[in-house]
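One-based numbering along the sequence shown. One-based numbering, in listed order, for ligands and for the atoms of each.
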Amino acid sequence: MHLHKYEKIWLAFGMASLVVFLLVIGFAAFWKGTHPQSSLDMIDQNNIEAYDNFKPENLGLQEVADGKYKVNIVASTFNYDFGVDKDEKPVKTIRIPQGSTVLFTITTKDVVHGFQVAGTNVNMMVEPGHISRYETVMKKKGEYTIVCNEYCGIGHHQMFGKVEVY
Ligand code: CUA
């Protein structure tokens, strides 16, 4: 079979791009540990408090065992609800000891939101009617900004929070 010179160049370009794309995906998945969240569990978005994790008293950070934590969050326009502190003020910063395993569980009351802890491998889509979960290990000390990365309306840029690993 005869291939024209330009066809050969194009074929080589196509194959090289495929290899590059696979390497990029492989790097993100196996080296950086980025995976899609679990969102198999369904929930009634108009009655999220029927689900234990999202009862007001269960929101925010809880220690479940030595070095193991869970964080329950409710997203809504335009806020993340991490519960309240002992002075009944809304929690804005989640403080986690370095090296802990943390399970984030989040749902939304209204529209699609994002939940990304910038600089870590936590990056979830939060869909109405679904419970999104992601477990990670907080390896490095520092402050990490939580951002909503799905455009959810006029106050989208005001949806943020903070994780502090100490
Ligand atoms: Cu919530 Cu953008």
J.: Using side chain to side chain donor-acceptor pair (under 3.5 Å) as the criterion, point out the one residue from N121, T120, T101 that pairs with T136.
T.: N121
J.: Suppose you place the vertex at atom 2 (Cu) of ligand 1; what is the angle out to E150 O and C148 SG, to 10°?
T.: 90°
J.: Which atom, counting only N, O or S, brings H113 closest to atom 1 (Cu) of ligand 1?
T.: ND1
J.: Within a 6.0 Å radius of atom OH on Y166, are there more than 12 heavy atoms belonging to other residues, nucleotides or ligands?
T.: yes
J.: Taking 2.8 Å as the cut-off, does M159 contribute an N, O or S atom near atom 1 (Cu) of ligand 1, distance below it?
T.: yes
J.: Find, among atoms of H156 that are N, O or S, the one nearest to atom 2 (Cu) of ligand 1, and state its name.
T.: ND1
J.: In terms of ring plane angle, is the pair H4 and Y6 parallel, tilted or perpendicular, where the classes change at 30° and 60°?
T.: tilted
J.: Specify whether F82 and Y80 have parallel, tilted or perpendicular ring planes, treating 30° as the upper limit for parallel and 60° as the lower limit for perpendicular.
T.: tilted
